[in-house]
Structures are given as structure tokens and as C-alpha cells.
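Worksheet: one structure, shown below.
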Amino acid sequence: MNVNLQVSIGNLTLKNPVTVASGTFGYGEEYSEYFDISELGAVTVKSLTLQPRLGNIPPRIVETPAGMLNAIGLQNVGIENYLKYKLPFLRKQNCTIIANIYGTSIEEYVKLAEYLEKEGGADAIEMNLSCPNVHDARNKFKCPLIAQSPEWVEKYTSAVRSSVKLPLIVKLSPNITDITEPALSAERGGADGISIINTLLGMSINTHTRRPKLKNVVGGLSGPAIRPVALKMVWDVSRTVKIPVIGMGGICTTSDALEFIIAGARVVAVGSYLFRDPLAPIRIIQGLRDYCISNHLDDINNLVGSITVD
Amino acid sequence: MNVNLQVSIGNLTLKNPVTVASGTFGYGEEYSEYFDISELGAVTVKSLTLQPRLGNIPPRIVETPAGMLNAIGLQNVGIENYLKYKLPFLRKQNCTIIANIYGTSIEEYVKLAEYLEKEGGADAIEMNLSCPNVHDARNKFKCPLIAQSPEWVEKYTSAVRSSVKLPLIVKLSPNITDITEPALSAERGGADGISIINTLLGMSINTHTRRPKLKNVVGGLSGPAIRPVALKMVWDVSRTVKIPVIGMGGICTTSDALEFIIAGARVVAVGSYLFRDPLAPIRIIQGLRDYCISNHLDDINNLVGSITVD
Amino acid sequence: MNKLHECLITLHNPVAPNHYRMVLQSKDIAGHSSPGQFLMLEISAGYYPFLRRPMSIERIFSDGVSILYKVCGEGTKILSTLSVGEKINVQGPLGNSFPIPKEYQQYLIIAGGIGVAPFPALVEKILNVRGVAPEIILAGKDYTHLLCEKDFRQMGCKTHLVTEDGSAGDMGLATDILKKLNITGPTIVYTCGPLPMIKNVHKICIERKWLCYASLEAEMACGEGVCLGCVVPAKIEVENEMMARVCKEGPIFDTQVILWEKIGE
Amino acid sequence: MNKLHECLITLHNPVAPNHYRMVLQSKDIAGHSSPGQFLMLEISAGYYPFLRRPMSIERIFSDGVSILYKVCGEGTKILSTLSVGEKINVQGPLGNSFPIPKEYQQYLIIAGGIGVAPFPALVEKILNVRGVAPEIILAGKDYTHLLCEKDFRQMGCKTHLVTEDGSAGDMGLATDILKKLNITGPTIVYTCGPLPMIKNVHKICIERKWLCYASLEAEMACGEGVCLGCVVPAKIEVENEMMARVCKEGPIFDTQVILWEKIGE
Ligand SMILES: Cc1cc2nc3c(=O)[nH]c(=O)nc-3n(C[C@H](O)[C@H](O)[C@H](O)COP(=O)(O)OP(=O)(O)OC[C@H]3O[C@@H](n4cnc5c(N)ncnc54)[C@H](O)[C@@H]3O)c2cc1C
Ligand SMILES: Cc1cc2nc3c(=O)[nH]c(=O)nc-3n(C[C@H](O)[C@H](O)[C@H](O)COP(=O)(O)OP(=O)(O)OC[C@H]3O[C@@H](n4cnc5c(N)ncnc54)[C@H](O)[C@@H]3O)c2cc1C
Ligand SMILES: Cc1cc2nc3c(=O)[nH]c(=O)nc-3n(C[C@H](O)[C@H](O)[C@H](O)COP(=O)(O)O)c2cc1C
Ligand SMILES: Cc1cc2nc3c(=O)[nH]c(=O)nc-3n(C[C@H](O)[C@H](O)[C@H](O)COP(=O)(O)O)c2cc1C
Ligand code: FES
Ligand code: FES
């Protein structure tokens, strides 16, 4: 049986619905030693900023039950180094590229997006409006993420939207009362897709020193622990907006990916679980194909949002 | 060394800072076969409503990585049966009782609280403003929990506050952008303590039937998986309000309890982990004492909020 | 009585593809168990899996009990890797047990697949207290799914085999045999297995005015009646509709009290 | 080269209280490993623990490698329960390896506690390529924490023992011995162990103008350079301050490139 695994975000077609979560795949080089990364629906790269960033002071990660906290703080090579040193490799491999960007103002997002478009640095842009690790944990208190303000999400999205033609994805935060509000804002702002979820805020304390285990105090929780939360948000958002949802949060196996697709995700991303099994995305692509065959589905798009709720 | 484990919520003194989470301990009878339940700082009972409730249609629980989803839907015997059949047992055991109540309106909460006070049915009242399982999952969408509205939290709290003298605890939801807002509202409304966290909204799908595993579609996530999220919220709230915080969310071991206390919880509650180890609260009480001794602390209150953040 | 036990595994054998028998050493559990009760097993020391797993007591010995289980998910898979000599934390015995009312001279057991698990202990008990060997219908997908046949024959039970593919005994379902059986007079039926089977057995029993006790399954978190996760709609006390806890009011129910129409699927 | 391997455990022995040696069969790993590199071990099939555990390669054989580890948390505890004959998923070899520059005639190894793990392989290599046996300072809390002493002596190394409680060798710290050693001329020091020890060894080396390579540890998620979790502040390329990944740029660092003043505690 011939199964169509192609899915679209805006006018971009992915050869299959499996990508990787930003920040868990670097710029593709390392895991290209493990498998042919062009087999991915897309490679989503680590968040890029205008200038290179050193990130937060370590320790930056803590293991937690069925998950992990990270407080990397957007360490990255910066947009110029990306274009010069990382992009050529990805292009040579023939990857579809989703470039994740992070700015500290609307102007920075616009600059990053324009730069990427001009230099052919991406096939789609993902705006990270939801990184929990770039503010000081104590100030963060009254300094919300852009993704926590539906109003700002719309402003940021439409500014970038009006400056580039590339398909535009907005990445939202689960640290919110109602995720559908910023999702609707992103859609109104002209986004072609919505990525959910970024990490949940969390912390962990060393009971001997009575200090936070993370130097940055607070970090972002990811991994299978958060999967039920992510799935619920994917279901909520995909029933609410018309644009495709890129679902992520604890996806490890084909079955996990199927849950997200059935809940309404058009694309799924493997994140933290890559650290356990770098081959997980490849296994999932094959597993999705197998599922379609044994369920007599000739197009994976027919599975998207196929949940029955009585 | 003599260690003081006594802590206070309003004018109620608990003999130690360990209680159980509402809904995970029934009304105390069952686990009293496992240990002397009067050794607990307090017994917190399953949410009580004015009328008995049948709860949701099963399946009601699903296991998840390092946690579980539940959609019990507040099945309970109702306040009258509680007073008649459950309370006498708890009183005979000499337990300190925190009665958790749930109403569908301010009036119901007031009635429940007044009834409890009049009949001596509790030593403190915990208002559950955050049960994720009592609305239809699909309507829930635009029908937020009281705990998601700081304004309503204040109204509900002050109404109950002005009708009873019993120490009053307000239980909040983690499904919110900034947990400190309803916490401040509860404090303003006259609460003597804040319980955090109730469960995170989540879901799980059977990929064979493409239906939700829970009949109620959505459920509440609990267990070690959510511990980092709960701890962060306890830290946030306890720095913000002056009243005591009752911390819960994935507490299994003494070390977990210590994390919450160091983060700022005056009392800790063991919830889902009771299902694994009914003796966990007793182990924790002993473990806290041991920790104090080996750290030369003669009063556990000195440990509360003792986190160092540089 | 202490309900938490660190039990030594004294036997652990495959009995069919994907099926195992495990013997757990504990005088305490053995001394307090009745047929139909179950145990909650802690599968691993960590949080994977997080919850205990419910398993019926298959047989009660002087110094321990056995369980019979099928590997069907992560928990039972890990369970199957444990070795004789290792210890496992066991909670129980839990739940109610099979009533054996005197007024019935005939006892019929209908077991579907792994649903056979609680019956060896029940047969022993009926033999002991009533002096008769129940008749048994053992049903399964194929011949590999018919367990304990030898045990039942050794205990003197008339045993009918039936498989869906005809690879052992008759071809068909348990209820096909039940309909054909030439039993008259007050009979008590005990059944355990897939829910559709139980439902159909129940219907036939109603027609014949037989008493029917079923061992039900439900997702369980606590096994002790506190979480209210495992309920089934039932009319137990004086026509009062309730959500009965499979772990407390059950797992054994008179099938007449179950509100079958309110059970989905 | 494939970096993911299902390795047979061919040996697993306690070597001291809470310390174990495990031999992992894999020609592929053995054929590609250099002293100083490490492996990421999948501790269990489930999510407990979720992350792999980094372990240095202790020795490289023709058909496998050994690791030497200390039980200090949940992961290593579970690891210690695995039996010979079981398989374990191993990722590696990962990271860089110890440089053995020709210009130095003297090689000195300073190992604190379980920090000894990467050195048996290094000694073998130095013997092979330079024909000399490094001198070794083995430091530990007490005599039970001095590992591999026999191995080093068998390989012909002059070995100094030092324990904090004096229960074996001198009483004191590794650096006490280092200060007393009568070594002159261009020397290269390799060290691994607690961070304060490494820092002090580094300081002494600076004073003596010796080259010092340390094997560093950091919490790791991926072991492959993608998560940026394991970084250490360093000045690697042309005075350019960076966050160097212990798993990629390391785990072996010339201690002069580490920005010690920016490392907490
Ligand atoms: C009272 C009682 C007695 C039982 N006795 C036996 C027995 O003797 N032998 C036997 O093989 N099985 C028995 N079962 C079913 C057994 O508990 C499940 O097969 C087992 O829990 C599956 O666990 P898993 O991790 O392998 O499967 P998974 O599917 O990975 O389990 C996921 C979750 O679903 C629950 N679950 C899965 N299947 C069932 C089920 N059929 N019933 C209840 N919960 C389930 C698990 O407990 C767990 O919480 C009994 C169940 C109950 C309620
Ligand atoms: C490159 C490298 C090589 C190592 N080689 C060895 C070796 O040969 N022998 C040996 O005994 N140990 C070695 N370690 C340390 C070893 O990885 C930890 O002791 C181990 O991960 C502890 O796991 P746990 O689950 O028992 O402890 P837990 O404290 O339960 O682990 C919790 C988390 O913290 C991490 N962690 C805990 N301690 C350390 C540590 N010291 N360094 C890095 N991460 C840590 C764990 O990996 C895990 O993610 C090495 C570490 C690194 C980075
Ligand atoms: C180590 C690490 C680094 C991350 N860095 C980024 C990042 O740079 N930009 C971003 O948008 N998300 C980042 N994330 C979030 C992931 O992309 C993803 O949204 C989240 O981890 C949930 O998926 P998971 O549970 O599968 O990991 C990071 C996550 C981890 C674990
Ligand atoms: C089965 C179950 C039933 C619960 N019922 C209630 C309830 O009736 N009222 C309430 O306020 N919280 C209820 N909760 C939430 C718990 O009290 C607690 O806030 C939450 O589970 C987090 O703690 P834990 O992770 O330790 O379980 C319930 C939780 C579970 C798992
Ligand atoms: S399993 Fe908790 S009430 Fe039955
Ligand atoms: S462990 Fe991920 S970058 Fe080093």
C-alpha cells in the first residue's frame, strides 16, 4: 500500500510529519552521524539570536521523574555564524529547515526573519516566544513571556508576518491559563502554524545545600512527564485554530506521536527523548507508515484530528 | 535532640507538617488499617459536596509516565453522610481534620463551611476551587475554574471567611499563567493558608480506538511527573503571600518533602504516591525529624523557605 | 493484619506463550486470603511503572500464594523478568471473595483466557467446604490460551474446552458451550474473562434464574477504595444506584447488581 | 561508525564497597575508543531513569571495554543490579581523549577516588606509544577508595597512595603528595577526581609550568553536543570565551583553558 506521509505548513510541504524540537538537535551535525537527517520531515534548529549567546551559568540540567529540567538560556552561535558555518551543512544534506528564532524585541524578530529569508537560511521560521530560561528567575516573576500575552503574540506575529514570505510558525508556552488565546492571536497575526508546547516552568532543590539544583534557579520541564499536558493543549488548540499545529512534549514512540496526530497535530516533534534514543524520529516515521498501512489509511492527513469524543 | 515539628495554619496547630492530599485518602478508614492515622499532622478528606455525587463515568484513571491522570469527578458521600458516618471514626481516632469542600456557587461553599463548623466536622476547611474534573471537558473550554480567576477567588474566599471562624485554606490550580495572582486574592479574601497544587490538565488517547482513554476525555495529572512544576509554584507563592502554603504535587519521599519545605511550604501533603506506598506519610514524618536532627535544627519552622538563591 | 509484604519469589515459570505463574512466599498473605481476592504488586523500585498492578490470587498454599498472569503491557513485561530469589513488594489480600452459598448444589465456572486466574483457589475451596467439584468451561482464543486444565482435572472437575479457532476442544465461545450444557436445578455460576463474555454469561444466567458471580477488572490506582478510580455502576444497597469500587465492593459482584446498560463500549 | 550498541555484559564484579567493574562486549566500541573517552549507558528500558549515564572507559580490550563505577544514586544503583549475560544499550565512544604530547618525558597521573576510572587505559596507551610507565598518585577517603592499585603496579607504574584517614599510604590529600614529589623537567599531569582537587592540581601545575589535562564531569543529557547542558566556561579558540561542552570539546581539557574563576562553589 502506498501511504502519503506528506503534510503542509503554509506553502511548505514536509515529506513526513516528523521533525525535532528546537534545542534538542543542535544544527544537525552531531546526529547526522546517527542517521540520514534529510529523512526528517524537517530539521528544526536551536533558537538563533542576532548575536551569539553564551547562555546561562551551569549547572543547566537536572533529571526529574520521567523528564528533565533545563536552563540552557539560549546558548547559540548567533545568526551570522549559523548562516556561515551551519547552514551549508544542512543544505548539503538536503534538509528541510525550520529555523527557530528568538529576539528581545519585535525589531529583533523582524531582523532575524528578514536575514534568514534573504540568505535562504530556512524553509520556515519558528518564532520562539516562550523560552522560560532567558530572564532572571527572580525577575521573571512580573516579566511574563511574550507567549503569555495574547496581545503581544499578535503584535509580534504580524510584524514578522508582514516582513517575510516564509512560512511562519509561532511557538507557545504551556505556562498559561488558556493556550487557545495566544494561539488565536498567532493565527490572527498571520502565522501558518503553531508549535506547542515549550517547556513547563519547574524547579528542583538540593536538600543538602538548600540551593536550587539549577544555577538559574528555575528551568523548563520536558520529557514524557509532560506528555499528557502537551496532548491536552494540542487537542485544545487544534480544535480552535485552522492553521496546522506542530505538537511536541514528551514524544518518544510511534504511539506517542499517534496520540498527538489523532488529537490534531499535523506535525510532531521529538525533543528530549532524542537524548535517550537519537534514532527515535526515524523509528517514528517508519512506525507511522506501518500504522497507516495496518489501518488502511492512504494519507496520514486523514488521521490528523481523527479523535472520537462522545 | 528535641525537634519541634509543630506548625500552624491560622490558629490551628498541626503536630507535624505532613498531611495527605484530598481525594487520595478517602475519609481515613481504609488506610487506618495500615498505620495510626492520628500520627498525621492532619487528615485531609475527599472533597465534600452538599449532595452525594456519583462522579464521572469510568474509565476514570490512566497511568502516565511517573504519574497518573484522574477524572473521578468528585464522587463523594455528601456532607450529611460524612458527618453521620465518616466523621465519628476520624474523631475517635483523634485526628486533626482538614475538610475539603466543593460547591457550584458561593452559596454552596458558605453552606458547606457553616454546616461543618456547626457540626464540628473539621478543624480547618480547604476550599477546592480547582477541581478539573467536574465540568464537561468540551465545555470546560470557556468555562474556567474559579481558581483561574483571581477576582472570583477573592469573592469566594471572603464569603466563606466571613461566615465561619475555622481556619480557611484555599486550594488553587496550576493551570494558570501566574499562580501568585489568585494566591494574593485568597490572602486578601482572608484565607489562612493556600494549598498548591491541584492537578494539571492532561489527556491520553488510545491509538487503536482513537478515543480518549478517560471517558471524561480530560483529567488531572498528578504524581512525581509534576513535582518540579509544583515546587516552582510553591516557591513563587510562598515568597508572595504571608500566610502558610500547603505544598503538594508528586511528593513521595522525605527528600521531596524537604524540597517543598525549603522552597517555602509550611505543610506538605502526600497524594498519589499513597497508592504506591500507603506508609509514605509516616516515613516522611520520621525522615523530617531525622533530617532536623542531623542538621541541628530544633524547629522545622526554621527550615520553611530556607532556600538560598544567589 | 499487615497488608504490605516483601515477598520472596519462590517460583516463576512460563506456562504458555506470554503467560507466567509466580509463587510469592508469605504466610501472612496465605493465612488471610480467600478465593477471588487480589494483590497489588509493586513492579519496580522506581516510578516506571508508577502504579501497582492488580493480580488475582490463583492458589493459596500454606506459606504463600500463586498468581497467573499474561504479559500485555509494560508492567507485566517487567514483572516477567523477575527471577526466583528476588523480592517483590505485595499489597494484599484485597477486595471481597467468591461467596459459596449452601443452597446451590451445582457450581459452574466459566473462564475466558487469563480470566481463569482466580479459579484454582475457588475449586479447592468448594471441594473443601461443599465436597463437590465444580464443572468448568475453559474458553480461549486457541489451545495455548487454555490454562490450568490439568489442575482442574486433577481436582476432579468435569472440564469443557472451547477455542475460537477450534485448536482445542469445541470451536466457538464459552457461551456456546454454556447454552448446550445439560444442567438443571439451582446452579451458581462463577465467571471471569473478557467483559462481553461476562455480559453474555450474565444474560443466560438471568434467563435460567441462576446466580452468577463475576470477577470484574478495572483500572486501579490504590486497590484500597480511596481513589475511586475503579468504579462500576451498580445497584447494591436497597436499590440505591452507586459507583461501586471494584477493589472494595468487588472484585466479585453478583452480576444482577451491575448496571450493564451504563457500562460503555 | 555506529555509536549505538546493544552490549553483552561479560563481567560485572564488585571491586570495593559500592564500586563495580563492568565489561561490555563490543568490537566496534573497542576498535574506536581512545583513553579519556566515555560512554552513555541506558540504565533501564523504561523512563526510570530518563537520561543515560556517562561513564569513562577504564580499559580497552580487543572485543570490548570496561567501566569502573561508584554507586551514588538511583541510576548507578539499578546499573549495579544487572547481571552478566544481560544486554545494555551503550552509546559511544564519545568525547575527546587524552593527548600524549611527545615533548614531555614524564607523565604523572593524579586520581582522586572514582576519578581513577579513565587511567588504566591511559597508562596502557602511554606504555605503548611512549614506552614509559607514568608515575601515579592514587588518593581516596580511605583504603577502600584506592582502586586499580594492583593494575597500575603490574603495568610498572610507580604508585603513591594517600588517604584522608591514613588507612593506606600517606595521610592527606593528593596535592600533599604532589608537592612533595621530586620531579623536575617538562612534565605532563593527567588528573581526574573531585573538582577542588583538580583545581589545586591545576594551580600547582601552573606554578611549575607543567601541562595539566583534566577529565571533567558535568550533568549530561545528550552526550553528543546538542543539548548544551554540560558546559564549562572556557577560553578555547584564540582567547575567545565560550561555554565549552564537556561532552564534545571535553571531557579532557587543558586546565589552562578553563575559566576557573567562573565556576561556582
Ligand atoms: C482485580 C483484578 C485482578 C486481576 N487479575 C489478573 C490476573 O490474575 N492475571 C492477569 O494476567 N491479569 C489480571 N488482571 C489484569 C492486570 O491487572 C493487567 O493485565 C495489568 O495491570 C496490565 O499491566 P501492564 O502494565 O502489563 O499493562 P499496561 O497496559 O501497560 O498498563 C497500563 C495501566 O492500565 C492498567 N490495566 C491494563 N490492563 C488492565 C486490565 N485488564 N484490568 C485492569 N487494569 C488494567 C494497568 O494496571 C496500568 O495501570 C487483573 C485486574 C484486576 C483489576
Ligand atoms: C564524562 C563523564 C565520565 C564519568 N565517568 C565515570 C566513571 O567512570 N565512573 C563513575 O563512577 N562515575 C563517572 N561519572 C559520573 C557518573 O556519570 C555519575 O556518578 C552518575 O551519572 C550518577 O548517576 P546516578 O543515577 O547514580 O546518580 P543521581 O545523583 O541519581 O543522578 C541524577 C542525575 O545527575 C547526574 N549526575 C550525578 N552525579 C554526576 C556526576 N558526578 N557527574 C555527572 N553527572 C552526574 C546523573 O547523570 C543524572 O542525570 C562520569 C561523569 C561524566 C560526565
Ligand atoms: C535542552 C533543551 C533545550 C531547548 N532549547 C530550546 C530552544 O532553544 N528553543 C525553543 O524554542 N525550545 C527549546 N526547547 C524546548 C523544546 O523545543 C520542546 O518544546 C520541549 O522540550 C518539549 O518537548 P520534549 O518534551 O519532547 O522535549 C529546549 C528543550 C530542551 C530539553
Ligand atoms: C485520584 C485523585 C483524586 C483527587 N480528588 C481530589 C479532590 O476530591 N479534591 C481536591 O481538592 N483534590 C483532589 N485531587 C488532587 C490532589 O489532592 C492533589 O492536589 C494532586 O493530586 C497533586 O498531588 P500528588 O501529585 O501528590 O497526587 C485528587 C487527586 C487524585 C490523584
Ligand atoms: S482502585 Fe482506588 S478505589 Fe479502587
Ligand atoms: S550533554 Fe548535551 S551538550 Fe553535552
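Keep in mind that the numbers below use all heavy atoms, side chains included, and drop hydrogens, waters and symmetry copies. To find a chain, count down the sequence lines: A is the first, B the second, and so on, and within it residues start at 1.
Of the residues considered (P52(B), P224(B), A66(B), G223(B)), P224(B) shows the highest number of contacts with chain C, using heavy-atom pairs under 4.5 Å. Note on A225(B), P65(B), G67(B), G28(B): by heavy-atom pairs under 4.5 Å with chain C, the leading option is G67(B). Ranked by heavy-atom pairs shorter than 4.5 Å toward chain C, the options M68(B), E30(B), R276(B) are led by R276(B).
Put simply, the side chain of P278(B) reaches to within 4.5 Å of the side chain of Q91(C), judged on heavy atoms. Using a 4.5 Å heavy-atom cutoff, the side chains of R60(B) and M243(C) are in contact.
With a 4.5 angstrom heavy-atom cutoff, S272(B) touches chain C via backbone and side-chain atoms both. Neither the backbone nor the side chain of Y27(B) comes within less than 4.5 Å of any heavy atom in chain C. Heavy atoms closer than 4.5 Å to chain B are found nowhere in L41(C), neither backbone nor side chain.
Taking CG of D277(B) as the reference point, atom CG of N89(C) lies at 7.5 Å (rounded to 0.5 Å). Atoms CG and CG, from L54(B) and L228(C) in turn, are 11.5 Å apart once rounded to the nearest 0.5 Å.
Contact residues of residues 217-227 of chain C toward chain B are E219(C), M220(C), A221(C), C222(C), E224(C), G225(C), V226(C), C227(C) (heavy-atom distance under 4.5 Å). Near-neighbour residues of residues 83-90 of chain B relative to chain C, defined by a heavy atom under 4.5 Å from a heavy atom of that chain, are none. Heavy-atom neighbours of chain C within the stretch residues 34-48 of chain B, taken at a separation under 4.5 angstrom, comprise Y34(B), K46(B). Taking non-hydrogen atoms and a 4.5 Å limit, the residue list of residues 44-72 of chain C in contact with chain B, ordered by number, reads S44(C), A45(C), G46(C), Y47(C), P49(C), F50(C), L51(C), R52(C), R53(C).
Other residues, nucleotides and ligands contribute over 12 non-hydrogen atoms within 6.0 Å of the CD atom of E6(C).
In terms of heavy-atom proximity, Q75(B) sits nearest to V231(C) at OE1-CG1, 3.5 Å.
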